[in-house]
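FYI, the numbering just counts along the sequence from 1. Only this structure's heavy atoms are used, side chains among them; waters, hydrogens and symmetry mates stay out.
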Amino acid sequence: MMPFCRWLEHTSVAAAVRESLWLFPAIETLHLLGMAVLVGSIAAFDLRLLGWMLRRQRVSALAERLLPWSWAGFAVQLVTGALLFASEAVKVYPNPAFRLKMLLLFLVGLHALIFHLSVYRNVASWDDTEVLPAGPKVAGFVSILLWIGIVAAGRFIGFV
């Protein structure tokens with residue numbers, strides 16, 4: 001993987017991000033804003049699953065309103081994260097915090113896939129209830145824990 005990281009770091013885009021006075025901080029700012037949109041929209045949904053807020057909202061209606069925001073935040077995260085990584089790939093790739101973040105991102109993606117293919121299929125039966133069954137609650141709790149880990153690991157990248 002290191003040969004790929006060296007190649008990536010020497011591309012013109014990566015060099016431009018790394019060498020520009022304003023480009024890296026601007027991309028990092030967009031990355032943080034994307035994180036706020038992504039994690040904020042997912043956290044609102046997870047908190048509804050846990051029954052800690054928005055109890056009168058139908059789960060499917062809330063998901064329908066929040067999902068476009070989640071996807072937009074994810075798209076911003078993906079593009080800006082790739083640019084930030086490319087600019088310092090050799091330094092970042094072996095970083096344990098970066099690797100933990102990537103592992104947790106994989107797990108949260110797997111968790112979301114499993115949730116939508118299993119638990120969420122029964123949304124009609126618990127859509128209007130204030131107190132949800134255990135499955136959605138566990139899913140919401142696991143999701144929140146994974147996102148806390150992702151955000152924390154992301155912050156640690158610059159300090160490890």
Side-chain angles (χ1 to χ4, degrees), residues 1-9 11 13-14 17-18 23-54 57 59-60 62-123 132-160:
M1 186 68 174
M2 276 312 237
F4 172 75
C5 290
R6 279 191 279 287
W7 170 83
L8 185 61
E9 208 172 271
T11 62
V13 172
V17 171
R18 185 178 52 256
L23 200 50
F24 189 96
I27 293 169
E28 192 167 36
T29 300
L30 286 175
H31 194 67
L32 292 172
L33 292 172
M35 178 176 45
V37 170
L38 175 61
V39 176
S41 60
I42 290 172
F45 184 73
D46 290 339
L47 291 170
R48 169 59 180 104
L49 293 179
L50 286 164
W52 294 351
M53 66 179 270
L54 303 169
Q57 296 285 317
V59 176
S60 60
L62 186 63
E64 192 176 299
R65 281 199 316 265
L66 292 175
L67 196 57
W69 289 100
S70 298
W71 280 114
F74 177 74
V76 170
Q77 289 295 96
L78 188 63
V79 171
T80 58
L83 289 169
L84 293 171
F85 176 75
S87 73
E88 300 181 319
V90 171
K91 176 180 145 187
V92 173
Y93 178 71
N95 184 311
F98 172 77
R99 289 180 176 219
L100 176 61
K101 180 180 178 181
M102 294 301 107
L103 172 63
L104 292 173
L105 281 168
F106 172 76
L107 291 176
V108 83
L110 184 61
H111 175 270
L113 179 66
I114 292 168
F115 172 76
H116 283 280
L117 292 177
S118 61
V119 176
Y120 193 72
R121 286 182 181 237
N122 297 322
V123 70
L132 301 183
K137 285 183 174 188
V138 169
F141 187 71
V142 169
S143 175
I144 285 176
L145 288 180
L146 287 169
W147 282 108
I148 289 170
I150 291 164
V151 170
R155 286 300 306 137
F156 274 81
I157 290 172
F159 303 101
V160 175

Strictly distance-based, threshold 3.5 Å: is any side-chain N or O of Arg99 a donor or acceptor partner for the main-chain N or O of Tyr93? yes
Taking all atoms of both residues into account, what is the closest heavy-atom pair of Leu50 and Lys137, and its distance? CD2-O, 3.3 Å
Distance col, row Ser143:OG vs Ile150:CD1, nearest 0.5 angstrom, shows 8.0 Å
Inspect the surroundings of CZ in Arg155 and state if more than 12 heavy atoms from other residues, nucleotides or ligands are less than 6.0 Å away. no
Could you grab the distance from atom NE2 of His116 to atom NE2 of His111, nearest 0.5 Å is fine? 9.5 Å
Are the side chains of Leu47 and Ile144 in touch, meaning some heavy atoms are under 4.5 Å apart? yes
Roughly how far apart are Leu78 CG and His31 NE2, rounded to 0.5 Å? 10.0 Å
Any side-chain to backbone donor/acceptor pair from Arg48 onto Leu62? Under 3.5 Å, distance only. no
Met102 side chain reached by Phe106 side chain, heavy atoms, under 4.5 Å: no
CZ (Phe156) with more than 12 external heavy atoms under 6.0 Å: no
Between Ala97 and Val160, the two heavy atoms sitting closest are CB-CG2, 4.0 Å
When every non-hydrogen atom of Val76 is compared with those of Gly34, the smallest separation belongs to CG1-CA, 3.8 Å
Hey, could you give me the CG/CG distance between Leu83 and Leu23, rounded to the nearest 0.5 Å? 7.5 Å
Locate the shortest heavy-atom distance separating Glu9 from Glu88; write the atom from each residue and the value. OE1-C, 3.1 Å
Closest non-hydrogen atom pair, Val119 against Pro136: CG1-N, 3.7 Å
With heavy-atom distances below 4.5 Å as the criterion, would you say the side chains of Trp147 and Leu38 are in contact? yes
Taking the six-membered ring of Phe115, is NZ or CZ of Arg121 closer than 6.0 Å to its centre and within 45° of its axis? no
Check the pair Phe45 / Leu67 against side chain to side chain contact (heavy atoms under 4.5 Å, CB included), numbers first and verdict last. CA-CA 9 Å; Phe45 184 73; Leu67 196 57; over 6 Å; no
Closest heavy-atom pair and its distance - Met35, Gln77: N-OE1, 2.9 Å
When rounded to the nearest 0.5 angstrom, what is the spacing between CD1 in Ile27 and CG in Leu32? 12.5 Å
One should read off an interatomic distance between Leu110 CG and Leu105 CG, to the nearest 0.5 angstrom, of 12.5 Å
